[in-house]
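Just so we're on the same page: letters track the sequence lines, and every chain starts at 1.
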Amino acid sequence: DVKVTQSSRYLVKRTGEKVFLECVQDMDHENMFWYRQDPGLGLRLIYFSYDVKMKEKGDIPEGYSVSREKKERFSLILESASTNQTSMYLCASSSLGATYEQYFGPGTRLTVT
Amino acid sequence: GQQVMQIPQYQHVQEGEDFTTYCNSSTTLSNIQWYKQRPGGHPVFLIQLVKSGEVKKQKRLTFQFGEAKKNSSLHITATQTTDVGTYFCAGFTSGTYKYIFGTGTRLKVLA
């Protein structure tokens with residue numbers, strides 16, 4: 001069974017703090033993704049990576065950065081958290097190519113106060 | 001930019017009634033995937049459609065990809081309480097080389 005794990009289920013941070021969200025997958029997938037999920041807006045892609053040290057911007061990359069130093073691990077970084085980054089963050093992974101399903105982690109609900 | 005809209009946003013049905021959610025893209029899609037997210041859970045892959053006009057069935061669920069590959073639908077026959085959740089479509093375009101998720105349809109089934 002594919003397993004995608006995320007470092008925290010719930011996180012509360014203060015405005016201006018640097019926040020790290022980590023994601024680990026155990027299926028040797030090339031692709032990894034970070035989404036944020038907000039009511040009425042669906043899942044919006046922040047960044048994705050198709051290989052170690054490679055990254056591509058998604059639809060809403062502003063205020064975020066990512067790091068992929070190892071194939072199984074993909075980190076999302078909020079350099080200076082703001083209240084409008086309060087959201088559910090979902091990590092996903094898939095095999096390389098357009099026809100492969102994405103496997104999602106359980107999500108991290110981040111609250112920035 | 002490319003958009004994928006889903007309607008309706010919410011749907012409440014009585015158990016046993018049918019349910020349909022529609023997915024519409026502003027651009028032609030290479031393929032489309034459907035996911036289900038149970039309350040408190042994460043999205044789980046249901047199916048993928050690739051061909052124009054393709055229809056696939058999974059028990060009570062029927063998935064359709066439009067002839068122009070710009071829209072898709074998911075139909076559930078005789079809903080059950082286990083169908084509760086949010087259904088997302090995700091369209092892929094070769095130009096952007098990424099999936100764009102729809103806004104989702106939240107289904108509530110009343111027993």
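- Placement of B:L29 and B:L74 within a single hydrophobic cluster is found when ILVMFWY residues are connected by side-chain heavy-atom separations under 4.5 Å, directly or transitively.
- Summarising the geometry of A:Q102 relative to B:Q33, their closest heavy-atom pair is N-OE1, 4.5 Å, with the distance given to 0.1 Å.
- A 4.5 Å side-chain heavy-atom check between B:Q37 and A:Q37 finds at least one atom pair inside the cut-off.
- Here the side chains of B:V44 and A:F104 are not in contact, with every heavy-atom distance at 4.5 Å or above.
- The OG1 atom of B:T103 sits 8.5 Å away from atom CG of A:L41, with the distance rounded to the nearest 0.5 Å.
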Check: Where do B:F101 and A:R44 land on the side-chain contact (heavy atoms from CB on, under 4.5 Å) test, with the steps shown first?
Finding: CA-CA 7 Å; B:F101 276 79; A:R44 293 180 292 166; over 6 Å; no
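- A:Y89 and A:L45 fall into different hydrophobic clusters, where Ile, Leu, Val, Met, Phe, Trp and Tyr side chains are chained together by heavy-atom contacts under 4.5 Å.
- The environment of A:K71 atom NZ is dense: over 12 non-hydrogen atoms of other residues, nucleotides or ligands sit within 6.0 angstrom.
- Between A:L43 atom CG and B:T86 atom OG1 the span is 10.0 Å, to the nearest 0.5 Å.
- Taking A:G40, A:A92, A:G107 one by one and counting their heavy-atom pairs under 4.5 Å with chain B, the maximum is reached by A:G40.
- There is no contact between A:F33 and chain B, counting heavy-atom distances below 4.5 Å.
- Under the 4.5 Å side-chain contact rule for hydrophobic residues, B:F88 and B:L107 do not share a cluster.
- The environment of B:R60 atom CZ is dense: over 12 non-hydrogen atoms of other residues, nucleotides or ligands sit within 6.0 angstrom.
- A distance of 11.0 Å separates OH in A:Y100 from OH in B:Y99, rounded to the nearest 0.5 Å.
- B:Y22 OH: 12 or fewer foreign heavy atoms inside a 6.0 Å radius.
- Neither the backbone nor the side chain of B:Y10 comes within contact range of chain A; no heavy atom of the residue lies under 4.5 Å from a heavy atom of that chain.
- Environment of CE in B:M5: sparse, with no more than 12 heavy atoms of neighbouring residues, nucleotides or ligands closer than 6.0 Å.
- Under a hydrophobic-cluster definition in which Ile, Leu, Val, Met, Phe, Trp and Tyr are linked whenever side-chain heavy atoms come within less than 4.5 Å, directly or via other members, B:L61 and B:F65 are assigned to the same cluster.
- Between B:H42 atom NE2 and A:L90 atom CG the span is 9.0 Å, to the nearest 0.5 Å.
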